[in-house]
Amino acid sequence: AAMTSGAARERLDMNEYRERLEARLGKSREMMRVVLNKAKSDPKRVALAEGSNEKMIRAAYQMQEEGIAEPILVGDTTTILRKAEELGLEFDPTIANPHDGEWNHYVDHLYERRRRKGLTRTEAAELVQQDSNYFASVMVSMDDADAMLTGLTHHYPSALRPPLQLIGTAEDANYAAGVYMMTFKNRVVFCADTTVNLDPDEEILAEITKHTAELARRFNVEPRAALLSYSNFGSVRNEGTAKPRDAARLLQNDPEVDFPVDGEMQADTALVEDILEGTYDFAELDDPANVLIFPNLEAGNIGYKLLQRLGGAEAIGPMLVGMDKPVHVLQRGDEVKDIVNLAATAVVDAQQE
Ligand code: ACO
């Protein structure tokens, strides 16, 4: 009995230690742990389009070792194995080599999907062999993989186009959007759209809001959404402020929407409880918003980067929402940890299929 209680005490100490450590590491660890644990419970196949990239190989190793995902490296087998060895990684990666001549069915699939969009069979064959974003998109489209990651070595739009063309949007969606989860010490906000739609109208804004709220729930966060602008509830009335205002009305009248949402409002209104409870006590939001919907891509992209660089937030994303299958387009320069985090969110997404 003494042994047991000693061990139990040790476990308690360990838990306390872990809690303190996590408090120091802040909210992002905690948020990601929810997702990493969910991913490990049922890992899925994730195609890594840039399979010969060293960061991708290291990320694949970590995913496989930790049981977060079953990575598939798309690229030249010899190159990948040589690099893995140089990196001192002992593992037996799953590789899909577009050059080993067994992919005629991929060419057929791509051709059939795109021939009425002007693609010839010769061009389809070239794309499958030479553009791994097309290869990986076909792979997901044909159910040979459950999810896809790319973008490390490409311009964001060119990495995004193949999955938009081949995987497309989910049944209940017409528009994809890029979401960043921004974590602060004691707070988390989901920002959208930060990467895809240049100038969304009210319907697109409403759709983006719903998908972003769904994503928040995947992280066990109950969404409270604000449609952002530079005016508060009609204080400036023009075409620009009308879009988020109308989007908020669409959402409030949508029987499917089961989270509080309001707008248009300024960012400080959305985030400061005193303003919401004081000046705008009629607002549907009682507590500060944690889903921030920006009126256009300029605002969204600039906004999240300011939060990250000046506000000290940790950024996880961009997570693509609204797609039929999970696809995430990384940013150039992202680190191994970013790749693994996005792979985990893709796995959790794929589990819902
Ligand atoms: N959601 C879903 N599907 C879309 C969307 C969308 N928002 N936009 C285009 N598509 C589909 C089209 O329907 C089309 O499908 P189809 O060929 O089967 O008919 C396909 O995608 C390609 O469309 P195009 O019109 O050829 O492509 P377009 O040139 O419009 O490019 C893109 C679409 C890449 C999303 C473009 O809007 C864009 O460049 N957005 C901005 C990206 C960007 O620069 N982001 C900021 C930097 S990223 C960062 O900071 C991480």
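Note: hydrogens, waters and symmetry copies are ignored here, and every other heavy atom, side chains too, is used.
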Worksheet entry | Within one Ile-Leu-Val-Met-Phe-Trp-Tyr cluster: I72 and I57, side-chain cutoff 4.5 Å |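 Not linked; separate clusters.
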
Worksheet item: V46, L152: one ILVMFWY side-chain cluster at the under-4.5 Å cut-off?
Response: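 Yes, same cluster.
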
For [X] and [Y], does a side-chain donor sit closer than 3.5 Å to a side-chain acceptor?
| X | Y | result |
| --- | --- | --- |
| R332 | H154 | no |
| N133 | T150 | yes |
| R113 | S141 | yes |

Practice prompt. Using side chain to side chain contact (heavy atoms under 4.5 Å, CB included) as the criterion, list what pairs up with V336, not counting sequence neighbours.
Written response: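 V336 satisfies side chain to side chain contact (heavy atoms under 4.5 Å, CB included) with K55, R58, A59, Q62, V340 once adjacent residues are dropped.
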
Between [X] and [Y], is any pair of side-chain heavy atoms under 4.5 Å apart?
| X | Y | answer |
| --- | --- | --- |
| I208 | H211 | no |
| P98 | V74 | yes |
| R245 | F233 | no |
| E54 | L87 | yes |
| I95 | D76 | no |
| E264 | N232 | no |
| E314 | M182 | no |
| F259 | R217 | yes |

Quick check against the 3.5 Å criterion: does [X] have a side-chain atom that pairs as donor or acceptor with the backbone of [Y]?
| X | Y | value |
| --- | --- | --- |
| Q252 | V261 | yes |
| E70 | K44 | no |
| E207 | N174 | yes |
| D146 | R45 | yes |
| T169 | G322 | no |
| D338 | L330 | no |

Practice prompt. Could you tell me which non-hydrogen atom of A60 sits nearest to which non-hydrogen atom of L73, and how far apart they are?
Written response: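 In this case the closest contact between A60 and L73 is CB-CD2, 3.9 Å.
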
Practice prompt. List the atom of P326, the atom of A350, and the distance in Å for their closest heavy-atom pair.
Written response: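 Shortest heavy-atom contact: CG-N, 3.7 Å.
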
Please list, one pair per line, the donor and acceptor atoms closer than 3.5 Å that link side chains of residues 187-204 to other protein atoms, with sequence neighbours excluded.
{"unit_1": "R187", "atom_1": "NH2", "unit_2": "L271", "atom_2": "O", "d": "2.9"}
{"unit_1": "D193", "atom_1": "OD1", "unit_2": "G178", "atom_2": "N", "d": "2.9"}
{"unit_1": "D193", "atom_1": "OD1", "unit_2": "T195", "atom_2": "N", "d": "2.9"}
{"unit_1": "D193", "atom_1": "OD1", "unit_2": "V196", "atom_2": "N", "d": "3.1"}
{"unit_1": "D193", "atom_1": "OD2", "unit_2": "V196", "atom_2": "N", "d": "3.4"}
{"unit_1": "D193", "atom_1": "OD2", "unit_2": "N197", "atom_2": "N", "d": "2.7"}
{"unit_1": "D193", "atom_1": "OD2", "unit_2": "N197", "atom_2": "ND2", "d": "2.8"}
{"unit_1": "T194", "atom_1": "OG1", "unit_2": "G178", "atom_2": "O", "d": "3.0"}
{"unit_1": "T195", "atom_1": "OG1", "unit_2": "Y156", "atom_2": "OH", "d": "2.8"}
{"unit_1": "N197", "atom_1": "ND2", "unit_2": "A176", "atom_2": "O", "d": "2.8"}
{"unit_1": "D199", "atom_1": "OD1", "unit_2": "K243", "atom_2": "NZ", "d": "3.2"}
{"unit_1": "D201", "atom_1": "OD1", "unit_2": "E203", "atom_2": "N", "d": "3.1"}
{"unit_1": "D201", "atom_1": "OD1", "unit_2": "I204", "atom_2": "N", "d": "2.9"}

Practice prompt. Using side-chain contact (heavy atoms from CB on, under 4.5 Å) as the criterion, point out the one residue from L251, L250, D254 that pairs with T209.
Written response: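 Running side-chain contact (heavy atoms from CB on, under 4.5 Å) over L251, L250, D254 with T209 returns exactly one hit, L251.
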
Anything under 3.5 Å between a donor and an acceptor, one on a side chain of residues 122-129, the other on a protein residue two or more places apart or in another chain? List them.
{"unit_1": "E123", "atom_1": "OE1", "unit_2": "T120", "atom_2": "N", "d": "2.9"}
{"unit_1": "E123", "atom_1": "OE1", "unit_2": "T120", "atom_2": "OG1", "d": "3.2"}

Kindly compute the distance separating [atom1] ([X]) from [atom2] ([Y]), expressed to the nearest 0.5 Å.
| X | Y | atom1 | atom2 | result |
| --- | --- | --- | --- | --- |
| L166 | Y134 | CG | OH | 7.0 Å |
| T345 | L215 | OG1 | CG | 7.5 Å |
| Q266 | D268 | CD | CG | 5.5 Å |
| D334 | M56 | CG | CE | 8.5 Å |
| E214 | K210 | CD | NZ | 8.5 Å |
| N186 | F184 | CG | CZ | 11.5 Å |

Worksheet item: Under the salt bridge (Lys or Arg N to Asp or Glu O under 4.0 Å) criterion, do D262 and R249 qualify, and how do the steps go?
Response: CA-CA 8 Å; D262 215 335; R249 290 302 84 72; 3.2 Å; yes

Worksheet item: What orientation do Y280 and F282 show, parallel under 30°, tilted 30 to 60°, or perpendicular over 60°?
Response: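 Taking F282 first and then Y280, their aromatic rings stand perpendicular (interplane angle over 60°).
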
Discussion item. Please verify the inter-ring angle class for Y106 with F135; under 30° counts as parallel, over 60° as perpendicular, anything in between as tilted.
Written reply: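 Aromatic pair Y106/F135 classed tilted.
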
Worksheet item: Would you call D143 and K325 a salt bridge, taking side-chain N to carboxylate O under 4.0 Å as the test?
Response: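 Looking at D143 and K325, the cut-off is met.
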
Practice prompt. Determine, stepwise, if the pair M148 / S137 fulfils side-chain contact (heavy atoms from CB on, under 4.5 Å).
Written response: CA-CA 7 Å; M148 159 179 175; S137 299; 3.6 Å; yes

Worksheet item: Taking it one step at a time, do L149 and I339 satisfy side-chain contact (heavy atoms from CB on, under 4.5 Å)?
Response: CA-CA 8 Å; L149 250 58; I339 303 169; 3.7 Å; yes

Worksheet entry | Test side-chain contact (heavy atoms from CB on, under 4.5 Å) applied to L110 and D108, step by step | CA-CA 6 Å; L110 176 57; D108 292 341; over 6 Å; no

